[in-house]
Amino acid sequence: MTEQQPSRKESEVIMTEKDIDGLFGLLSVYFPNNPKTKDKTLKNAWLLVLEEYGPEEVKLALKQFLRESKNFPFVQEIAMRCPRRTTAGERNILPGQSEQEHMERARKWQAEWHEELHKLGLPTMREALEQGMSLAQWNKALKEGGAWD
């Protein structure tokens, strides 16, 4: 029978040197010839930046990075994917989550706006600039075409 480690509260879970070693072991699988996977100074830097996060949060962030990039990660790229902590381990939203939601709404609005412009026979701003129009000319065209009040 194996002895189980006592569970820690989520707010008490922080990265340890052993956790960083595990991450670098994973990185050595993806980057077998990269000397960074054996760099003790780099491991210490990662621990310094990531120590406030839980091991599972960091591992998830690293896996997300590895799915998106073929390059060895900078620790900042991993930290940015970890949930922000506010005070005393309190959780906040995932970094970029509200920004991501905002950007999705903005892209949807932009797509609808572009569709509306095309229905009116008007170019988008990018199309207008590619056609050699100035922004003032484009704005005037939008007003004359009924897109602006």
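When reading the values below, keep in mind they use all heavy atoms of this one structure, side chains included, and skip hydrogens, waters and symmetry mates.
Here the CG atom belonging to Leu142 is positioned 6.0 Å from the CG atom belonging to Leu117, to the nearest 0.5 angstrom. Remark: His118 NE2 to Glu116 CD distance equals 11.5 Å, nearest 0.5 Å. Between the CZ atom in Arg107 and the CD atom in Glu112 there is a gap of 14.0 Å [rounded to 0.5 Å]. One finds the CG atom of Leu62 at 8.0 Å from the OH atom of Tyr30 (value rounded to the nearest 0.5 Å). Summarising the geometry, atom CG belonging to Asn139 is positioned 8.5 Å from atom CG belonging to Leu135; distances are rounded to the nearest 0.5 Å. Atom CD1 of Ile20 is separated from atom CG of Asn44 by 9.0 Å, given to the nearest 0.5 angstrom.
If you chain together hydrophobic residues whose side chains sit under 4.5 Å apart, Leu42 and Leu66 fall into the same group.
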* **Steps toward side-chain contact (heavy atoms from CB on, under 4.5 Å) verdict (Val58, Asp19)** => CA-CA 9 Å; Val58 174; Asp19 297 321; over 6 Å; no
* Tell me, with the steps shown, if Leu60 and Tyr53 meet side-chain contact (heavy atoms from CB on, under 4.5 Å). => CA-CA 11 Å; Leu60 177 61; Tyr53 304 110; over 6 Å; no
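Nearest heavy atom pair, residue Gly25 against residue Ser28, reads O-OG, 2.6 Å. For the pair Trp138 and Ala128, the tightest heavy-atom approach, listed with the atom from each and the gap, is CD1-CB, 3.3 Å. Ala147 and Leu122 get closest at one heavy-atom pair: CB-CD1, 3.8 Å. Considering all non-hydrogen atoms of both residues, Ala61 and Ile78 come closest at CB-O, 3.6 Å.
The salt bridge (charged side-chain N to carboxylate O under 4.0 Å, His left out) pairs that include a residue from residues 22-34 number zero, where partners must be two or more places apart or lie in different chains. Note on residues 54-77: pairs passing ring-ring contact (aromatic ring centres under 6.0 Å, His included), not counting sequence neighbours, are Phe31-Phe72. Here side chain to side chain donor-acceptor pair (under 3.5 Å) pairs that include residues 65-74, with residues two or more places apart or in two chains, are Glu68-Arg81. Legend: salt bridge (charged side-chain N to carboxylate O under 4.0 Å, His left out) pairs involving residues 24-43, not counting sequence neighbours, sorted by first then second residue: Glu17-Lys40, Asp21-Lys43.
Not counting sequence neighbours, the partners of Glu51 by the side chain to side chain contact (heavy atoms under 4.5 Å, CB included) test are Leu47, Leu48. Considering only residues two or more places apart in sequence or on other chains, Gln131 meets the side chain to side chain contact (heavy atoms under 4.5 Å, CB included) condition with Pro123, Glu127, Met133.
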